[in-house]
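Each residue takes its place number in the sequence, starting with 1.
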Amino acid sequence: MDFLAPALDGFGVVFEPQNLLYCLIGVTLGMLVGVLPGLGPAATIAILLPVTYTLEPASAIILLAGIFYGAQYGGTVTSVLLRLPGEASTVVTAIDGYEMARTGRAGSALGIAAIASFIGGTVGIVALTVAAPLVAGWALAFGPPEYAALALLGILMISTLSTGSLRRSLLAGSIGLLLATVGRDPLLGSARYTFGSDQLADGLDFVILAMGLFGIGEILHSLEGLRQGAPPKPRVGRARPSRAEFVQSRWAIARGTVVGFFLGILPGGGATMASMVAYTVEKRSSRTPERFGKGAIEGVAGPEAANNTAATSSFIPLLTLGIPANATMAVMFGALLLAGVTPGPQMIDEHPEVFWGVIDSMYIGNLFLIILSMPLIGLFVRVLRVRASILAPLTVLITMIGVYTIRSSMFDMLAVVVLGVVGYLMKKVGLPPGPLVLAFVLGNLLETDFRRSMRMFDGDVTGFLGRPVSATLLAFVVVFTVAVPLLSLRKKLRQPGPPDTPATVPHPDTTTTPERTPDHPGTAAEPGGHSEEPQHPG
(Lines give C-alpha, C1' and ligand atoms only; values in the text may rest on other atoms or scores of the structure.)
Protein backbone atom coordinates (compact mmCIF):
# COMPACT_ATOMS: atom_id res chain seq x y z
CA MET A 1 0.00 0.00 0.00
CA ASP A 2 2.98 2.32 -0.48
CA PHE A 3 1.17 3.87 -3.43
CA LEU A 4 -1.89 4.93 -1.40
CA ALA A 5 -0.49 8.21 -0.01
CA PRO A 6 0.82 9.56 -3.34
CA ALA A 7 -2.39 8.39 -5.06
CA LEU A 8 -4.45 10.45 -2.61
CA ASP A 9 -2.09 13.38 -3.11
CA GLY A 10 -2.92 13.19 -6.80
CA PHE A 11 -6.48 14.28 -6.02
CA GLY A 12 -5.02 17.48 -4.60
CA VAL A 13 -3.59 18.15 -8.06
CA VAL A 14 -6.88 17.33 -9.79
CA PHE A 15 -9.02 19.52 -7.51
CA GLU A 16 -7.04 22.63 -8.31
CA PRO A 17 -9.60 24.87 -10.09
CA GLN A 18 -7.66 25.16 -13.34
CA ASN A 19 -7.17 21.38 -13.57
CA LEU A 20 -10.86 20.71 -12.95
CA LEU A 21 -11.63 23.14 -15.77
CA TYR A 22 -9.15 21.46 -18.12
CA CYS A 23 -10.62 18.05 -17.27
CA LEU A 24 -14.15 19.30 -18.07
CA ILE A 25 -12.98 20.91 -21.31
CA GLY A 26 -11.16 17.73 -22.30
CA VAL A 27 -14.07 15.31 -21.86
CA THR A 28 -16.55 17.75 -23.47
CA LEU A 29 -14.28 18.25 -26.46
CA GLY A 30 -13.72 14.51 -26.61
CA MET A 31 -17.47 13.85 -26.81
CA LEU A 32 -17.80 16.36 -29.65
CA VAL A 33 -14.84 14.84 -31.47
CA GLY A 34 -16.39 11.38 -31.13
CA VAL A 35 -19.73 12.59 -32.48
CA LEU A 36 -18.03 14.11 -35.56
CA PRO A 37 -16.71 11.12 -37.54
CA GLY A 38 -13.31 11.45 -39.10
CA LEU A 39 -11.36 13.77 -36.83
CA GLY A 40 -10.62 11.29 -34.04
CA PRO A 41 -8.85 11.80 -30.69
CA ALA A 42 -5.33 11.25 -32.08
CA ALA A 43 -5.71 14.04 -34.66
CA THR A 44 -7.38 16.35 -32.14
CA ILE A 45 -4.62 15.85 -29.57
CA ALA A 46 -1.99 16.45 -32.27
CA ILE A 47 -3.74 19.69 -33.30
CA LEU A 48 -3.89 20.91 -29.69
CA LEU A 49 -0.25 20.16 -28.87
CA PRO A 50 0.84 23.78 -29.47
CA VAL A 51 -1.85 24.95 -27.03
CA THR A 52 -0.33 22.84 -24.25
CA TYR A 53 3.08 24.53 -24.46
CA THR A 54 2.01 27.23 -21.99
CA LEU A 55 0.33 24.82 -19.54
CA GLU A 56 1.76 23.00 -16.56
CA PRO A 57 2.64 19.36 -17.41
CA ALA A 58 -0.15 17.92 -15.22
CA SER A 59 -2.75 20.32 -16.66
CA ALA A 60 -1.71 19.58 -20.24
CA ILE A 61 -1.90 15.78 -19.89
CA ILE A 62 -5.20 15.96 -17.94
CA LEU A 63 -6.70 17.95 -20.83
CA LEU A 64 -5.41 15.58 -23.53
CA ALA A 65 -6.37 12.42 -21.59
CA GLY A 66 -9.93 13.76 -21.21
CA ILE A 67 -10.17 14.13 -24.99
CA PHE A 68 -9.06 10.51 -25.45
CA TYR A 69 -11.52 8.72 -23.19
CA GLY A 70 -14.30 11.25 -23.82
CA ALA A 71 -14.21 10.44 -27.53
CA GLN A 72 -15.00 6.77 -26.81
CA TYR A 73 -18.56 7.63 -25.75
CA GLY A 74 -19.02 10.36 -28.36
CA GLY A 75 -18.42 7.85 -31.14
CA THR A 76 -21.24 5.72 -29.75
CA VAL A 77 -23.85 8.40 -30.47
CA THR A 78 -23.49 8.35 -34.25
CA SER A 79 -22.95 4.57 -34.27
CA VAL A 80 -26.31 4.01 -32.57
CA LEU A 81 -28.37 6.72 -34.26
CA LEU A 82 -26.92 6.73 -37.78
CA ARG A 83 -24.78 3.57 -37.97
CA LEU A 84 -21.87 5.92 -38.60
CA PRO A 85 -18.86 4.76 -36.53
CA GLY A 86 -16.07 7.33 -36.46
CA GLU A 87 -13.75 5.10 -34.42
CA ALA A 88 -12.81 1.47 -34.99
CA SER A 89 -13.83 0.69 -31.40
CA THR A 90 -17.48 1.67 -32.09
CA VAL A 91 -17.97 -0.47 -35.20
CA VAL A 92 -19.19 -3.39 -33.08
CA THR A 93 -21.55 -1.14 -31.09
CA ALA A 94 -23.27 -0.13 -34.34
CA ILE A 95 -24.37 -3.72 -35.01
CA ASP A 96 -26.99 -3.99 -32.25
CA GLY A 97 -27.16 -0.32 -31.24
CA TYR A 98 -28.47 0.74 -34.64
CA GLU A 99 -31.04 -2.06 -34.65
CA MET A 100 -32.23 -0.91 -31.22
CA ALA A 101 -32.62 2.63 -32.56
CA ARG A 102 -34.65 1.35 -35.52
CA THR A 103 -37.09 -0.35 -33.16
CA GLY A 104 -37.60 2.68 -30.92
CA ARG A 105 -34.98 1.87 -28.28
CA ALA A 106 -32.35 4.48 -29.10
CA GLY A 107 -32.61 5.99 -25.62
CA SER A 108 -32.06 2.61 -24.00
CA ALA A 109 -29.04 1.94 -26.24
CA LEU A 110 -27.42 5.31 -25.50
CA GLY A 111 -28.28 5.09 -21.81
CA ILE A 112 -26.81 1.63 -21.30
CA ALA A 113 -23.76 2.70 -23.32
CA ALA A 114 -23.23 5.65 -20.96
CA ILE A 115 -23.67 3.47 -17.87
CA ALA A 116 -21.41 0.72 -19.22
CA SER A 117 -18.80 3.30 -20.19
CA PHE A 118 -18.86 4.81 -16.70
CA ILE A 119 -18.68 1.48 -14.89
CA GLY A 120 -16.03 0.04 -17.19
CA GLY A 121 -13.94 3.20 -17.11
CA THR A 122 -14.14 3.56 -13.33
CA VAL A 123 -13.26 -0.08 -12.63
CA GLY A 124 -10.42 0.22 -15.12
CA ILE A 125 -9.07 3.27 -13.27
CA VAL A 126 -9.17 1.43 -9.95
CA ALA A 127 -7.28 -1.48 -11.50
CA LEU A 128 -4.87 0.97 -13.12
CA THR A 129 -4.18 2.53 -9.73
CA VAL A 130 -3.56 -0.77 -7.98
CA ALA A 131 -2.03 -3.10 -10.55
CA ALA A 132 -0.26 -0.89 -13.10
CA PRO A 133 3.33 -2.15 -12.50
CA LEU A 134 2.29 -5.81 -12.25
CA VAL A 135 0.15 -5.87 -15.39
CA ALA A 136 2.65 -3.81 -17.36
CA GLY A 137 5.33 -6.40 -16.57
CA TRP A 138 3.04 -9.12 -17.92
CA ALA A 139 2.61 -7.13 -21.14
CA LEU A 140 6.37 -7.29 -21.74
CA ALA A 141 5.97 -10.99 -22.54
CA PHE A 142 4.27 -10.00 -25.81
CA GLY A 143 6.41 -9.85 -28.92
CA PRO A 144 5.66 -10.15 -32.67
CA PRO A 145 4.65 -13.87 -32.44
CA GLU A 146 2.14 -13.13 -29.67
CA TYR A 147 0.63 -10.17 -31.51
CA ALA A 148 0.37 -12.18 -34.72
CA ALA A 149 -1.47 -14.98 -32.90
CA LEU A 150 -3.72 -12.45 -31.16
CA ALA A 151 -4.58 -10.76 -34.48
CA LEU A 152 -5.32 -14.15 -36.08
CA LEU A 153 -7.68 -15.00 -33.22
CA GLY A 154 -9.39 -11.62 -33.59
CA ILE A 155 -9.86 -12.06 -37.33
CA LEU A 156 -11.40 -15.50 -36.85
CA MET A 157 -13.87 -13.96 -34.41
CA ILE A 158 -15.47 -11.94 -37.21
CA SER A 159 -17.62 -14.99 -37.93
CA THR A 160 -19.67 -14.09 -34.83
CA LEU A 161 -20.33 -10.50 -35.94
CA SER A 162 -23.05 -11.34 -38.43
CA THR A 163 -26.40 -13.03 -38.12
CA GLY A 164 -26.25 -14.19 -41.74
CA SER A 165 -24.30 -16.89 -43.49
CA LEU A 166 -20.92 -17.84 -42.03
CA ARG A 167 -19.50 -18.14 -45.54
CA ARG A 168 -20.58 -14.59 -46.37
CA SER A 169 -19.02 -13.28 -43.16
CA LEU A 170 -15.73 -15.01 -43.98
CA LEU A 171 -15.91 -13.73 -47.56
CA ALA A 172 -16.40 -10.16 -46.31
CA GLY A 173 -13.50 -10.62 -43.89
CA SER A 174 -11.29 -11.89 -46.72
CA ILE A 175 -12.06 -8.77 -48.74
CA GLY A 176 -11.09 -6.67 -45.71
CA LEU A 177 -7.74 -8.49 -45.47
CA LEU A 178 -7.15 -7.86 -49.17
CA LEU A 179 -7.87 -4.13 -48.80
CA ALA A 180 -5.45 -3.99 -45.86
CA THR A 181 -2.60 -4.89 -48.25
CA VAL A 182 -3.15 -1.80 -50.43
CA GLY A 183 -0.25 0.67 -50.12
CA ARG A 184 3.43 0.31 -49.32
CA ASP A 185 4.84 -2.93 -47.99
CA PRO A 186 5.31 -2.36 -44.22
CA LEU A 187 8.78 -3.97 -44.22
CA LEU A 188 10.16 -3.46 -47.73
CA GLY A 189 8.45 -0.21 -48.73
CA SER A 190 7.46 -1.41 -52.21
CA ALA A 191 4.07 -0.40 -53.65
CA ARG A 192 1.26 -2.97 -53.70
CA TYR A 193 -2.10 -2.71 -55.51
CA THR A 194 -1.75 1.06 -55.93
CA PHE A 195 -2.13 0.95 -59.75
CA GLY A 196 0.33 3.81 -60.00
CA SER A 197 -1.72 6.15 -57.80
CA ASP A 198 0.21 8.30 -55.35
CA GLN A 199 -2.95 8.72 -53.25
CA LEU A 200 -3.07 4.96 -52.59
CA ALA A 201 0.61 4.75 -51.67
CA ASP A 202 -0.19 5.20 -47.98
CA GLY A 203 -3.07 2.71 -48.15
CA LEU A 204 -6.74 3.19 -47.35
CA ASP A 205 -7.56 5.02 -44.15
CA PHE A 206 -9.90 3.29 -41.70
CA VAL A 207 -12.19 6.33 -41.44
CA ILE A 208 -12.63 6.47 -45.22
CA LEU A 209 -13.50 2.77 -45.35
CA ALA A 210 -15.90 2.91 -42.38
CA MET A 211 -17.62 6.12 -43.49
CA GLY A 212 -18.13 4.77 -46.98
CA LEU A 213 -19.38 1.28 -46.13
CA PHE A 214 -21.44 2.23 -43.08
CA GLY A 215 -22.33 5.89 -43.60
CA ILE A 216 -22.92 6.47 -47.32
CA GLY A 217 -23.90 2.84 -47.91
CA GLU A 218 -26.57 2.98 -45.20
CA ILE A 219 -27.92 6.28 -46.54
CA LEU A 220 -28.28 4.89 -50.07
CA HIS A 221 -30.03 1.80 -48.74
CA SER A 222 -32.40 3.90 -46.62
CA LEU A 223 -33.26 6.21 -49.51
CA GLU A 224 -34.07 3.20 -51.66
CA GLY A 225 -36.45 2.03 -48.95
CA LEU A 226 -38.20 5.42 -48.93
CA ARG A 227 -38.65 5.29 -52.69
CA GLN A 228 -40.28 1.88 -52.40
CA GLY A 229 -42.65 3.09 -49.68
CA ALA A 230 -40.82 2.16 -46.50
CA PRO A 231 -42.74 2.00 -43.22
CA PRO A 232 -42.87 5.15 -41.08
CA LYS A 233 -40.04 6.04 -38.73
CA PRO A 234 -40.05 4.10 -35.46
CA ARG A 235 -41.05 5.90 -32.32
CA VAL A 236 -38.22 7.38 -30.32
CA GLY A 237 -39.12 5.53 -27.13
CA ARG A 238 -37.88 6.17 -23.63
CA ALA A 239 -34.70 8.18 -23.08
CA ARG A 240 -33.35 5.91 -20.32
CA PRO A 241 -32.79 2.17 -20.03
CA SER A 242 -35.30 0.42 -17.82
CA ARG A 243 -34.37 -1.46 -14.66
CA ALA A 244 -34.99 -4.76 -16.44
CA GLU A 245 -32.64 -3.75 -19.27
CA PHE A 246 -29.92 -2.82 -16.81
CA VAL A 247 -30.30 -6.16 -15.00
CA GLN A 248 -30.14 -7.92 -18.36
CA SER A 249 -26.88 -6.10 -19.17
CA ARG A 250 -25.08 -6.31 -15.82
CA TRP A 251 -23.02 -9.44 -16.59
CA ALA A 252 -22.21 -8.16 -20.07
CA ILE A 253 -20.79 -5.01 -18.49
CA ALA A 254 -18.77 -7.08 -16.01
CA ARG A 255 -17.31 -9.36 -18.67
CA GLY A 256 -16.60 -6.45 -21.01
CA THR A 257 -14.74 -4.63 -18.24
CA VAL A 258 -12.44 -7.60 -17.62
CA VAL A 259 -11.80 -8.16 -21.33
CA GLY A 260 -11.15 -4.48 -21.95
CA PHE A 261 -8.66 -4.07 -19.12
CA PHE A 262 -6.36 -6.89 -20.18
CA LEU A 263 -6.54 -6.23 -23.93
CA GLY A 264 -6.16 -2.47 -23.51
CA ILE A 265 -2.57 -2.77 -22.34
CA LEU A 266 -1.49 -4.68 -25.46
CA PRO A 267 -0.03 -2.65 -28.35
CA GLY A 268 -2.02 -3.11 -31.54
CA GLY A 269 -5.11 -4.52 -29.85
CA GLY A 270 -6.52 -1.80 -27.64
CA ALA A 271 -10.12 -0.66 -27.67
CA THR A 272 -10.91 -2.14 -31.10
CA MET A 273 -9.81 -5.65 -30.21
CA ALA A 274 -11.42 -5.34 -26.77
CA SER A 275 -14.84 -4.36 -28.14
CA MET A 276 -14.75 -7.16 -30.70
CA VAL A 277 -13.74 -9.83 -28.20
CA ALA A 278 -16.37 -8.58 -25.72
CA TYR A 279 -19.07 -8.90 -28.39
CA THR A 280 -17.91 -12.41 -29.25
CA VAL A 281 -17.91 -13.42 -25.58
CA GLU A 282 -21.48 -12.17 -25.15
CA LYS A 283 -22.78 -13.93 -28.24
CA ARG A 284 -21.03 -17.20 -27.38
CA SER A 285 -22.20 -17.17 -23.76
CA SER A 286 -25.81 -16.20 -24.53
CA ARG A 287 -28.57 -18.79 -24.43
CA THR A 288 -30.25 -16.94 -27.30
CA PRO A 289 -27.41 -15.94 -29.66
CA GLU A 290 -29.91 -15.41 -32.48
CA ARG A 291 -30.91 -12.09 -30.84
CA PHE A 292 -27.49 -10.58 -31.58
CA GLY A 293 -27.49 -8.42 -34.67
CA LYS A 294 -31.20 -7.75 -34.16
CA GLY A 295 -31.05 -5.35 -31.21
CA ALA A 296 -29.61 -7.28 -28.22
CA ILE A 297 -28.80 -4.80 -25.49
CA GLU A 298 -25.89 -6.98 -24.31
CA GLY A 299 -24.33 -6.37 -27.73
CA VAL A 300 -24.10 -2.69 -26.78
CA ALA A 301 -23.26 -2.98 -23.07
CA GLY A 302 -20.35 -5.44 -23.38
CA PRO A 303 -18.38 -3.67 -26.14
CA GLU A 304 -18.95 -0.22 -24.61
CA ALA A 305 -17.64 -1.36 -21.23
CA ALA A 306 -14.70 -3.03 -22.97
CA ASN A 307 -13.58 -0.11 -25.16
CA ASN A 308 -13.77 2.42 -22.32
CA THR A 309 -11.87 0.15 -19.95
CA ALA A 310 -9.29 -0.44 -22.69
CA ALA A 311 -8.92 3.32 -23.19
CA THR A 312 -8.04 3.60 -19.51
CA SER A 313 -5.73 0.59 -19.25
CA SER A 314 -3.76 1.70 -22.32
CA PHE A 315 -2.16 4.30 -20.03
CA ILE A 316 -0.41 1.50 -18.11
CA PRO A 317 2.38 0.74 -20.60
CA LEU A 318 2.68 4.44 -21.49
CA LEU A 319 3.18 5.75 -17.95
CA THR A 320 5.10 2.84 -16.43
CA LEU A 321 7.16 1.56 -19.37
CA GLY A 322 7.17 4.42 -21.86
CA ILE A 323 5.54 2.17 -24.49
CA PRO A 324 2.55 3.67 -26.38
CA ALA A 325 -0.19 1.07 -26.88
CA ASN A 326 -1.84 2.77 -29.87
CA ALA A 327 -1.67 5.83 -32.15
CA THR A 328 -3.31 8.14 -29.62
CA MET A 329 -0.92 7.03 -26.90
CA ALA A 330 1.97 7.73 -29.27
CA VAL A 331 0.77 11.34 -29.56
CA MET A 332 0.38 11.46 -25.77
CA PHE A 333 3.95 10.20 -25.49
CA GLY A 334 5.07 13.18 -27.55
CA ALA A 335 3.00 15.54 -25.41
CA LEU A 336 4.70 14.27 -22.25
CA LEU A 337 8.14 14.76 -23.79
CA LEU A 338 7.21 18.31 -24.82
CA ALA A 339 6.14 18.97 -21.23
CA GLY A 340 9.55 17.85 -19.97
CA VAL A 341 8.31 14.51 -18.59
CA THR A 342 9.84 11.22 -19.75
CA PRO A 343 7.38 8.30 -19.49
CA GLY A 344 8.83 5.16 -18.01
CA PRO A 345 9.69 3.36 -14.76
CA GLN A 346 11.19 6.54 -13.20
CA MET A 347 8.16 8.72 -13.88
CA ILE A 348 6.31 7.71 -10.72
CA ASP A 349 9.28 8.86 -8.60
CA GLU A 350 10.45 11.87 -10.60
CA HIS A 351 7.03 13.32 -11.51
CA PRO A 352 4.46 11.88 -9.07
CA GLU A 353 2.18 14.90 -9.46
CA VAL A 354 1.82 14.18 -13.19
CA PHE A 355 1.59 10.38 -12.82
CA TRP A 356 -1.07 10.35 -10.10
CA GLY A 357 -2.71 13.58 -11.24
CA VAL A 358 -3.49 12.08 -14.65
CA ILE A 359 -4.78 8.81 -13.16
CA ASP A 360 -6.95 10.52 -10.54
CA SER A 361 -8.31 12.97 -13.12
CA MET A 362 -9.91 10.00 -14.86
CA TYR A 363 -12.19 9.41 -11.85
CA ILE A 364 -13.44 12.99 -12.11
CA GLY A 365 -13.54 12.87 -15.92
CA ASN A 366 -15.80 9.80 -15.87
CA LEU A 367 -18.16 11.60 -13.47
CA PHE A 368 -18.24 14.57 -15.84
CA LEU A 369 -19.03 12.23 -18.74
CA ILE A 370 -21.97 10.53 -17.03
CA ILE A 371 -23.32 13.89 -15.84
CA LEU A 372 -23.05 15.35 -19.35
CA SER A 373 -24.23 12.36 -21.35
CA MET A 374 -27.34 11.21 -19.47
CA PRO A 375 -29.28 14.54 -19.77
CA LEU A 376 -28.27 14.82 -23.44
CA ILE A 377 -29.69 11.41 -24.39
CA GLY A 378 -33.16 12.90 -24.91
CA LEU A 379 -31.63 15.48 -27.23
CA PHE A 380 -29.60 12.89 -29.13
CA VAL A 381 -32.57 10.59 -29.82
CA ARG A 382 -34.51 13.50 -31.33
CA VAL A 383 -32.28 13.01 -34.34
CA LEU A 384 -34.58 10.11 -35.24
CA ARG A 385 -37.50 12.54 -35.57
CA VAL A 386 -35.79 14.41 -38.38
CA ARG A 387 -37.15 13.61 -41.84
CA ALA A 388 -34.94 11.41 -43.98
CA SER A 389 -34.92 14.06 -46.72
CA ILE A 390 -33.12 16.36 -44.23
CA LEU A 391 -31.14 13.80 -42.23
CA ALA A 392 -29.57 12.06 -45.27
CA PRO A 393 -27.86 15.13 -46.80
CA LEU A 394 -26.87 16.33 -43.31
CA THR A 395 -25.23 12.99 -42.61
CA VAL A 396 -23.42 13.11 -45.95
CA LEU A 397 -22.18 16.62 -45.11
CA ILE A 398 -20.86 15.51 -41.69
CA THR A 399 -19.22 12.48 -43.30
CA MET A 400 -17.50 14.53 -45.98
CA ILE A 401 -16.27 17.11 -43.45
CA GLY A 402 -14.86 14.32 -41.29
CA VAL A 403 -13.15 12.66 -44.23
CA TYR A 404 -11.66 15.93 -45.52
CA THR A 405 -10.13 16.73 -42.11
CA ILE A 406 -7.92 13.63 -42.31
CA ARG A 407 -5.63 14.60 -45.19
CA SER A 408 -7.42 17.54 -46.88
CA SER A 409 -7.71 15.34 -49.97
CA MET A 410 -10.39 15.40 -52.66
CA PHE A 411 -9.32 11.86 -53.56
CA ASP A 412 -10.42 10.68 -50.10
CA MET A 413 -13.85 12.26 -50.62
CA LEU A 414 -14.21 10.49 -53.97
CA ALA A 415 -13.05 7.22 -52.40
CA VAL A 416 -15.69 7.46 -49.69
CA VAL A 417 -18.42 7.86 -52.33
CA VAL A 418 -17.14 4.82 -54.25
CA LEU A 419 -16.97 2.77 -51.05
CA GLY A 420 -20.48 3.95 -50.21
CA VAL A 421 -21.75 2.43 -53.45
CA VAL A 422 -19.83 -0.75 -52.59
CA GLY A 423 -21.46 -0.80 -49.13
CA TYR A 424 -24.90 -0.39 -50.71
CA LEU A 425 -24.26 -3.28 -53.11
CA MET A 426 -22.99 -5.42 -50.22
CA LYS A 427 -26.28 -4.90 -48.39
CA LYS A 428 -28.17 -5.84 -51.55
CA VAL A 429 -26.35 -9.16 -51.93
CA GLY A 430 -26.25 -9.93 -48.19
CA LEU A 431 -22.55 -9.36 -47.43
CA PRO A 432 -22.14 -7.85 -43.92
CA PRO A 433 -19.81 -4.80 -43.79
CA GLY A 434 -18.79 -5.29 -40.13
CA PRO A 435 -16.46 -8.27 -40.68
CA LEU A 436 -14.83 -6.47 -43.63
CA VAL A 437 -14.01 -3.35 -41.61
CA LEU A 438 -12.69 -5.24 -38.59
CA ALA A 439 -10.58 -7.59 -40.71
CA PHE A 440 -9.16 -4.49 -42.40
CA VAL A 441 -8.18 -3.04 -39.01
CA LEU A 442 -6.47 -6.24 -37.86
CA GLY A 443 -4.97 -7.13 -41.23
CA ASN A 444 -1.97 -4.79 -40.95
CA LEU A 445 -1.19 -6.07 -37.45
CA LEU A 446 -1.36 -9.70 -38.59
CA GLU A 447 0.83 -9.22 -41.66
CA THR A 448 3.51 -7.09 -40.03
CA ASP A 449 3.96 -9.21 -36.91
CA PHE A 450 3.72 -12.53 -38.76
CA ARG A 451 6.53 -11.51 -41.12
CA ARG A 452 8.63 -10.24 -38.23
CA SER A 453 8.05 -13.53 -36.46
CA MET A 454 9.18 -15.47 -39.53
CA ARG A 455 12.42 -13.49 -39.49
CA MET A 456 12.88 -14.30 -35.81
CA PHE A 457 12.29 -18.01 -36.44
CA ASP A 458 14.28 -18.16 -39.73
CA GLY A 459 11.13 -19.19 -41.57
CA ASP A 460 10.21 -21.99 -39.15
CA VAL A 461 6.47 -21.75 -38.45
CA THR A 462 6.76 -24.13 -35.48
CA GLY A 463 8.60 -21.37 -33.64
CA PHE A 464 5.19 -20.08 -32.54
CA LEU A 465 4.69 -23.25 -30.51
CA GLY A 466 7.96 -22.72 -28.63
CA ARG A 467 6.66 -19.54 -26.93
CA PRO A 468 4.07 -20.16 -24.16
CA VAL A 469 1.85 -17.15 -24.84
CA SER A 470 1.68 -17.53 -28.63
CA ALA A 471 1.16 -21.30 -28.27
CA THR A 472 -1.75 -20.67 -25.89
CA LEU A 473 -3.33 -18.18 -28.27
CA LEU A 474 -2.97 -20.60 -31.18
CA ALA A 475 -4.63 -23.26 -29.05
CA PHE A 476 -7.58 -20.89 -28.68
CA VAL A 477 -7.56 -20.49 -32.47
CA VAL A 478 -7.82 -24.28 -32.89
CA VAL A 479 -10.62 -24.50 -30.32
CA PHE A 480 -12.46 -21.62 -31.97
CA THR A 481 -12.21 -22.99 -35.51
CA VAL A 482 -12.48 -26.74 -34.92
CA ALA A 483 -13.83 -27.74 -31.52
CA VAL A 484 -16.65 -25.21 -31.19
CA PRO A 485 -18.19 -25.89 -34.65
CA LEU A 486 -17.96 -29.65 -34.07
CA LEU A 487 -19.70 -29.36 -30.72
CA SER A 488 -22.42 -27.20 -32.25
CA LEU A 489 -22.92 -29.73 -35.05
CA ARG A 490 -23.08 -32.60 -32.58
CA LYS A 491 -25.66 -30.74 -30.51
CA LYS A 492 -27.83 -30.18 -33.59
CA LEU A 493 -27.59 -33.84 -34.63
CA ARG A 494 -28.57 -35.04 -31.15
CA GLN A 495 -31.64 -32.79 -30.97
CA PRO A 496 -34.85 -34.83 -31.35
CA GLY A 497 -37.11 -33.97 -34.24
CA PRO A 498 -40.37 -32.07 -33.64
CA PRO A 499 -43.07 -34.20 -32.06
CA ASP A 500 -46.04 -35.25 -34.13
CA THR A 501 -49.06 -32.97 -33.73
CA PRO A 502 -52.72 -33.34 -34.68
CA ALA A 503 -52.05 -30.83 -37.48
CA THR A 504 -49.53 -33.16 -39.13
CA VAL A 505 -51.06 -36.53 -38.15
CA PRO A 506 -54.83 -36.05 -38.14
CA HIS A 507 -57.02 -38.33 -36.08
CA PRO A 508 -59.03 -40.78 -38.17
CA ASP A 509 -62.30 -39.51 -36.71
CA THR A 510 -61.61 -35.86 -37.38
CA THR A 511 -60.09 -35.82 -40.85
CA THR A 512 -62.87 -33.62 -42.14
CA THR A 513 -62.82 -31.21 -39.22
CA PRO A 514 -60.62 -28.14 -39.71
CA GLU A 515 -58.06 -27.48 -37.02
CA ARG A 516 -57.96 -24.31 -34.93
CA THR A 517 -55.35 -21.97 -36.35
CA PRO A 518 -54.57 -18.37 -35.53
CA ASP A 519 -55.07 -17.32 -39.15
CA HIS A 520 -58.46 -19.02 -39.48
CA PRO A 521 -60.46 -18.38 -36.33
CA GLY A 522 -63.71 -19.02 -38.13
CA THR A 523 -62.86 -22.73 -38.46
CA ALA A 524 -62.23 -23.28 -34.79
CA ALA A 525 -64.32 -25.59 -32.66
CA GLU A 526 -66.95 -23.77 -30.65
CA PRO A 527 -66.82 -23.77 -26.82
CA GLY A 528 -69.65 -26.25 -26.53
CA GLY A 529 -67.57 -28.95 -28.16
CA HIS A 530 -69.31 -28.59 -31.53
CA SER A 531 -67.38 -28.02 -34.69
CA GLU A 532 -69.10 -25.83 -37.26
CA GLU A 533 -68.24 -24.86 -40.78
CA PRO A 534 -67.80 -21.09 -41.29
CA GLN A 535 -71.01 -19.42 -42.37
CA HIS A 536 -71.03 -17.57 -45.68
CA PRO A 537 -73.74 -15.12 -46.72
CA GLY A 538 -76.05 -16.12 -49.51
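- Expressed to the nearest 0.5 Å, how far CD of Gln248 lies from CZ of Arg243 amounts to 14.0 Å.
- Nearest heavy-atom pair, Ser453 versus Pro144, reported as atom, atom and distance to 0.1 Å: OG-C, 3.2 Å.
- Taking all atoms of both residues into account, the shortest heavy-atom contact from Asp96 to Lys294 is OD1-N, 3.4 Å.
- Taking both residues in full, the closest heavy atoms of Thr257 and Ala305 are given as OG1-CB, 3.9 Å, listed atom of the first, atom of the second, then distance.
- To the nearest 0.5 angstrom, Leu179 atom CG is 7.5 Å from Leu419 atom CG.
- Under the 4.5 Å side-chain criterion, counting only non-hydrogen atoms from C-beta, Ile359 is in contact with Trp356.
- Contact detail for Ala106 and Val80: the closest heavy-atom pair is O-CG1, 4.4 Å.
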Derivation and outcome, side-chain contact (heavy atoms from CB on, under 4.5 Å), residues Phe440 and Ile175: CA-CA 8 Å; Phe440 174 82; Ile175 297 173; over 6 Å; no
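- The closest side-chain heavy-atom distance from Arg250 to Ile253 is not below 4.5 Å.
- The distance from the CZ atom of Phe315 to the CZ atom of Phe355 is 11.5 Å, given to the nearest 0.5 Å.
- Counting heavy atoms from C-beta on, the side chains of Leu63 and Ile25 come closer than 4.5 Å.
- Minimum heavy-atom separation, Ala311 to Ser314: O-OG, 2.8 Å.
- Listed for the Thr309 side chain is no donor-acceptor partner under 3.5 Å among the backbone atoms of Gly124.
- Atom CZ of Phe246 is surrounded by 12 or fewer heavy atoms from other residues, nucleotides or ligands within 6.0 Å.
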Steps toward side-chain contact (heavy atoms from CB on, under 4.5 Å) verdict (Leu473, Val469): CA-CA 6 Å; Leu473 291 172; Val469 177; 4.2 Å; yes
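- Here the CD atom belonging to Glu282 is positioned 10.0 Å from the CZ atom belonging to Arg291, to the nearest 0.5 angstrom.
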Trace of the side-chain contact (heavy atoms from CB on, under 4.5 Å) decision for Met31 with Val27: CA-CA 6 Å; Met31 282 187 64; Val27 297; 5.8 Å; no
Audit row: Val14, Tyr363, side-chain contact (heavy atoms from CB on, under 4.5 Å) steps and yes/no: CA-CA 10 Å; Val14 180; Tyr363 290 101; over 6 Å; no
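- The backbone N or O of Glu245 sits less than 3.5 Å from a side-chain atom of Ser242, completing a donor-acceptor pair.
- Atom CG of residue Asn308 and atom CE of residue Met362 lie 12.0 Å apart, to the nearest 0.5 angstrom.
- The backbone N or O of Lys283 lies less than 3.5 Å from no partner atom in the side chain of Ser286, so there is not a single donor-acceptor pair.
- Between the side chain of Ser313 and the backbone N or O of Phe261 there is at least one donor-acceptor pair closer than 3.5 Å.
- Residues Ser275 and Asn307 bring no donor and acceptor atom of their side chains to less than 3.5 Å of each other.
- The two residues Glu99 and Gly293 come nearest to each other via the heavy atoms CG-O, 3.4 Å.
- Using bins of under 30°, 30° to 60° and over 60° for the plane-to-plane angle, the ring pair Tyr279/Phe292 lands in the perpendicular bin.
- Two residues are said to be in side-chain contact when any heavy atoms from C-beta on lie closer than 4.5 Å; Val416 and Asp412 fail this criterion.
- At a cut-off of 3.5 Å, with distance as the only test, a side-chain donor of Thr93 or Glu304 sits close to an acceptor on the other residue.
- The CG atom of Leu110 sits 9.0 Å away from atom CE of Met100, with the distance rounded to the nearest 0.5 Å.
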